[in-house]
Amino acid sequence: MSDTALLVIDMQVALLEEAYVGKEVIAHINALRDKARSTNTLIIYIQHSAADYEPMNLGAPGWQIHPDIAPHPDDLIIHKLASDAFSQTDLHQELQNRGIQHLIITGMQTEFCVDTTCRAALSQGYNVTLVGDAHTTYDYILSASQTINYHNGILPGVGHPTHFIQVKPTVEAIAELIP
């Protein structure tokens, strides 16, 4: 088993309805997921619940992981309530139990859950590869494209004495999954 895990963050029906380049991001994540499965790499789906947003209420139709990227029965699903996938979840313990040291991160929403989980991973002792063309968001303060580009540019500069965040396109991240 690899010391790497693929994280698929919040790729849920309600969130993907209006996501920027959502279909392309799903295709990139599916390519990564297929490679991860072929190399017995752990795949973890992070699934967000939000009590203050009805479509994302636990169990609601919009809360479901999008059917175009649905997990396999062997994949792990971690439920969360905060932007940080480590906050009040058993993600860190699951990774530690499996000897994971490197996370390949994809998913929704670039400026919230993806960014926060990348930064938290450093503090938890993991190296991170953010797949630059496999995360997305919406037009918000900046356009979705600007937000994605900004985070792809700034996250590798987050300082840490022993761990790193790097950004790679899908094709290069797939190469990391070859044992």
Side-chain angles (χ1 to χ4, degrees), residues 1-13 15-17 19-48 64-80 83-86 89 91-92 94-95 98-122 124 126-138 144-145 147-153 155-156 158 163-179:
M1 174 139 288
S2 169
D3 71 346
T4 299
L6 173 64
L7 263 62
V8 179
I9 299 174
D10 300 348
M11 294 296 286
Q12 293 163 257
V13 173
L15 297 176
L16 281 164
E17 288 176 356
Y20 173 72
V21 297
K23 291 184 189 311
E24 292 88 344
V25 169
I26 288 172
H28 291 298
I29 295 172
N30 280 336
L32 286 156
R33 186 189 61 181
D34 292 347
K35 183 51 133 178
R37 283 199 181 117
S38 76
T39 60
N40 294 316
T41 299
L42 177 64
I43 301 167
I44 303 174
Y45 284 79
I46 307 297
Q47 190 172 21
H48 190 83
Q64 303 301 322
I65 295 170
H66 198 281
D68 291 344
I69 198 164
H72 185 275
D74 293 337
D75 299 336
L76 184 61
I77 300 173
I78 303 281
H79 299 275
K80 69 177 179 66
S83 293
D84 177 358
F86 291 94
T89 71
L91 177 59
H92 180 63
E94 292 286 351
L95 295 168
R98 291 167 169 82
I100 302 299
Q101 298 175 19
H102 179 215
L103 301 177
I104 296 177
I105 296 183
T106 67
M108 279 290 303
Q109 185 171 357
T110 300
E111 68 274 33
F112 296 121
C113 300
V114 172
D115 175 278
T116 305
T117 299
C118 285
R119 292 171 191 261
L122 288 181
Q124 296 291 331
Y126 301 97
N127 291 320
V128 173
T129 298
L130 173 61
V131 186
D133 55 2
H135 63 95
T136 189
T137 190
Y138 316 101
S145 176
T147 299
I148 292 165
N149 289 336
Y150 174 80
H151 284 80
N152 284 346
L155 284 172
V158 173
H163 294 87
F164 62 81
I165 298 174
Q166 62 185 347
V167 177
K168 293 185 176 182
T170 297
V171 67
E172 290 180 26
I174 285 174
E176 288 187 12
L177 294 170
I178 298 171

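All values below come from the heavy atoms of this structure, side chains included, with hydrogens, waters and symmetry mates left out.
Under the side-chain contact (heavy atoms from CB on, under 4.5 Å) test applied with Ile78, the options Ile9, Ile46, Leu7 reduce to a single match, Ile46. Checking each of Thr147, Thr137, Thr116 against Glu111 for a side chain to side chain donor-acceptor pair (under 3.5 Å) leaves exactly one that passes, namely Thr137. For the side-chain contact (heavy atoms from CB on, under 4.5 Å) criterion with Thr136, the lone passing option out of Val114, Ile29, Val25, Thr106 is Val25.
The OG1 atom of Thr4 sits 11.0 Å away from the CG atom of Leu95 when rounded to the nearest 0.5 Å. Expressed to the nearest 0.5 Å, how far CG of Leu42 lies from CD1 of Ile104 amounts to 11.0 Å. Within the model, atoms CD1 of Ile100 and CG of Leu6 stand 10.5 Å from one another, a figure rounded to the nearest 0.5 Å. Within the model, atoms CG of Leu122 and OG1 of Thr117 stand 11.5 Å from one another, a figure rounded to the nearest 0.5 Å. With values rounded to the nearest 0.5 angstrom, Gln12 atom CD is found 8.5 Å from Gln64 atom CD. Here the CD atom belonging to Glu24 is positioned 11.5 Å from the OG1 atom belonging to Thr170, to the nearest 0.5 angstrom.
Leu155 has its side chain within reach of Val158: a pair of non-hydrogen atoms, C-beta onward, lies under 4.5 Å apart. Residues Ile26 and Met11 form a side-chain contact, since some pair of their non-hydrogen atoms from C-beta on lies under 4.5 Å apart. The shortest side-chain heavy-atom distance between Leu32 and Ile174 falls under the 4.5 Å cut-off. Contact annotation: the side chain of His28 never approaches that of Val131 to less than 4.5 Å [non-hydrogen atoms, C-beta and beyond]. A 4.5 Å side-chain heavy-atom check between Thr89 and His79 finds every atom pair outside the cut-off. Two residues are said to be in side-chain contact when any heavy atoms from C-beta on lie closer than 4.5 Å; Gln109 and Asp10 fail this criterion. Put simply, the side chain of Arg33 does not reach to within 4.5 Å of the side chain of Val8, judged on heavy atoms. Between Leu130 and His135 the shortest side-chain heavy-atom distance falls below 4.5 Å.
Contact record, Phe86 with Ala120: CD1-CB, 3.8 Å, taken as the closest heavy-atom pair. The two atoms that bring Ala36 and Leu177 nearest to each other are N-CD1, 3.9 Å, heavy atoms only. Residue Thr41 comes nearest to Ser2 through the heavy atom pair OG1-CB, 4.1 Å, listed as atom of the first residue, atom of the second, then distance. Scanning both residues, Asn152 and Gly132, for their nearest heavy atoms gives ND2-O, 3.1 Å. Annotation for Cys113 and Met108: closest pair CB-O, 3.7 Å, computed over non-hydrogen atoms. Between Ile44 and Ala5, the shortest heavy-atom contact is CD1-CB, 4.4 Å.
Between the side chain of Asp115 and the backbone N or O of Thr110 there is no donor-acceptor pair closer than 3.5 Å. Side chain of Gln47 to main chain of Ile77: no donor-acceptor pair is present (N/O by atom type, distance under 3.5 Å, no hydrogens or angles). Checked by atom type and distance alone, the side chain of Asp3 never pairs as donor or acceptor with a backbone atom of Gln101 at under 3.5 Å. No donor-acceptor pair under 3.5 Å is formed between the side chain of Ser83 and the backbone N or O of Phe112.
Taking the ring pair (Phe, Tyr, Trp, His ring centres under 6.0 Å) definition, one finds that Tyr45 meets it with nothing, sequence neighbours left out. Residues passing the ring pair (Phe, Tyr, Trp, His ring centres under 6.0 Å) test with Tyr138, sequence neighbours excluded: none. Residues passing the ring pair (Phe, Tyr, Trp, His ring centres under 6.0 Å) test with His102, sequence neighbours excluded: none.
When only modelled atom types and interatomic distance are considered, Glu176 and Thr129 share a side-chain donor-acceptor pair under 3.5 Å.
Under the 4.0 Å criterion applied to side-chain N and carboxylate O atoms, Asp84 and Arg119 are not assigned as salt-bridge partners. Between Lys23 and Asp68 there is no salt bridge, since none of the side-chain N atoms of the basic residue sits less than 4.0 Å from a carboxylate O of the acidic one.
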Checking side chain to side chain donor-acceptor pair (under 3.5 Å) for the pair Gln166/Glu172: CA distance, chi angles, key distance, verdict? CA-CA 11 Å; Gln166 62 185 347; Glu172 290 180 26; over 6 Å; no

Full working for side-chain contact (heavy atoms from CB on, under 4.5 Å) between His163 and Val128: CA-CA 8 Å; His163 294 87; Val128 173; over 6 Å; no

